[in-house]
Number of protein chains: 2
Amino acid sequence: MIARATDGSGNRDTLNRERVVRAAAELADERGIDSVTMRELGRRLGVEAASLYNHVTGKDDLLSGMADLAAAEIDLPSIDVDWKEAMRRRAVSAREAFGRHRWASGLMDSRKWSGPYSLYYADRVLGTLINAGFSPVIASWAFIGIDSYIYGFERQRSNLSMSEDVDTVEVAQETLAAIPQGALPSLAAVAMEYAEKPYDEAAAFEFGLDLILDSLERQLEADSATRR
Amino acid sequence: MIARATDGSGNRDTLNRERVVRAAAELADERGIDSVTMRELGRRLGVEAASLYNHVTGKDDLLSGMADLAAAEIDLPSIDVDWKEAMRRRAVSAREAFGRHRWASGLMDSRKWSGPYSLYYADRVLGTLINAGFSPVIASWAFIGIDSYIYGFERQRSNLSMSEDVDTVEVAQETLAAIPQGALPSLAAVAMEYAEKPYDEAAAFEFGLDLILDSLERQLEADSATRR
DNA sequence: ACCTGAACACCGTTCAAGT
DNA sequence: ACCTGAACACCGTTCAAGT
């Protein structure tokens, strides 16, 4: 008799934390993180906003749950693979996850990074690097460096309005047209390139990623040569 | 006769956009970005919240002004200096500015990056790189890569609760104590290091920065060797 | 055990009214 | 030209009351 019990989700039993969090993530995917309000989420679940507090301690808890959901989509490096390849896969899969859930990277900013899962995650990353021969401190710096790059790149995505659904050729042409003759020559030069060949986001991401990984590799080689 | 006209700021004339924005930045510095509400800001300026709309079109405009204020504190690379040193100074001064204004990096996330000042800024950075011998596309990728790292690193700061006012030795000891014997061995190894020698944030930042800059330099050298 | 309805304190913003 | 006071639509959250 109750609509919620048999609605489209195919989930026939009552509300619980997981269903609430999942619905919030879907809402954010479809209409942006700002539209995730307790009232709107309640509406989506056929329930009053106040009822959500039976399954989630508050909005903060809800957002943490959403962040966990997205984090779980990022590949854990497997111990037995080459460290460079492992870091590469991790970075690429993170970028893909953030592409699917544009709200995720911003959410991980504010939320503390200390759940049991993220500790395990950190251990695996650090373990991969230490196994490869990096000292614990250098491994931690490398971890921080790679992650900084991953999250920072995601930030730029929305920033320069160079998301996938934007015609970068068009943006470049408009930028070019807006620049007064002779002013900003370097920016004009770049815009001229992109007016012909569109901006390849994945290529840009991997270019920067490889700058970091190549330097790390070189440092590892130099270090083992010294010890020999 | 009016208190506001002669108050501590030493600014005797009436309210204007600059004073409003500056007061908002100070409020954010002292009590966090969340405490910047129109009502609270009005209280600080001795005025009703509604009055602020005479000087600022809305809260969005206010936040943009704050972001501009912080951006102006980041060094523009001077054309005549070595590209690597220029990028280095830019990155270091950005990190310092974000340290003074913890709200700044998060604010630049959401705000579009297309004001006349930031276009000029981009031109200078790109110009420095192109002058050094990078192609326009590679220069833009390098620009994006370095900026991603800068902003991403700032993000991590708050994240791992490794800010300046936190005793990282203590955090490491607590982490170590919380890890069950034998579990998370790599994380434990890192924590053990930091329990003895505190985490050096500036060193970590420059380590990652140099990974990027060194790779760029190497690429430049290899490229010019090919052309010779 | 879970949901509702109403309330509370707080937002950003608008607008007629004052000076 | 700038400020006030009151209002509006919207938040997150609490809590007694229902079932």
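Lettering follows sequence order; numbering is per chain, from 1. Values below: all heavy atoms of this structure, side chains included; hydrogens, waters and symmetry mates excluded.
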### Query
With a non-hydrogen cut-off below 4.0 angstrom, is Ser51(B) in contact with a base, only sugar-phosphate, or nothing?
base
Whole-Å distance, Arg17(A) CZ to dC2(C) P, equals 15 Å
side-chain contact (heavy atoms from CB on, under 4.5 Å) test vs Val56(A) passes for just one of Asn16(A), Asp61(A), Leu41(A), namely Asp61(A)
Regarding the side chain of Lys59(A), the nearest nucleotide among dT4(C), dG12(D), dT13(C) is dG12(D)
Consider only side-chain N and O atoms of Tyr151(B) and Arg155(B), and report whether a donor and an acceptor are under 3.5 Å apart.
no
Of the candidates dG12(C), dT4(C), dC11(D), the side chain of Met38(B) sits closest to dG12(C)
**Asked** Do Leu129(A) and Met87(A) come close enough that some side-chain heavy atom pair is under 4.5 Å?
**Response** yes
Under-4.0 Å side-chain N/O to phosphate OP1/OP2 contact, His55(B) with dC3(D)
yes
Of the candidates dT4(D), dC3(D), dC3(C), the side chain of Leu15(B) sits closest to dC3(D)
Quick one: does Arg88(A)'s side chain get under 4.5 Å of Glu206(A)'s, heavy atoms only?
yes
Whole-Å distance, Leu62(B) CG to dG12(C) P, equals 10 Å
Assert: residue with more 5' nearest nucleotide on DNA chain C, out of Thr57(B) and Asn54(A), is Asn54(A)
Looking only at dG5(C), dT4(D), dC11(C), the nucleotide nearest the Thr37(B) side chain is dC11(C)
Exactly one candidate in Glu154(A), Glu201(A), Glu73(A) meets salt bridge (Lys or Arg N to Asp or Glu O under 4.0 Å) with Arg95(A); the answer is Glu201(A)
Winner on side-chain proximity to Arg39(A), out of dT13(D), dA6(D), dC11(C), is dT13(D)
Hey, is OH on Tyr120(B) packed in by over 12 heavy atoms from elsewhere, all under 6.0 Å?
no
- Message: Are Tyr149(B) and Phe153(A), when compared by the centres of their aromatic rings, separated by less than 6.0 Å?
- Response: no
Winner on side-chain proximity to Ala50(B), out of dG5(D), dT13(D), dC2(C), is dG5(D)
Looking only at dC3(C), dC3(D), dT13(C), the nucleotide nearest the Ala49(B) side chain is dT13(C)
Here DNA chain D, pairs taken as Watson-Crick or G-U under 3.5 Å and shown with ( ), [ ] when crossing and | when to another strand, reads ||.|||||...|||||.||
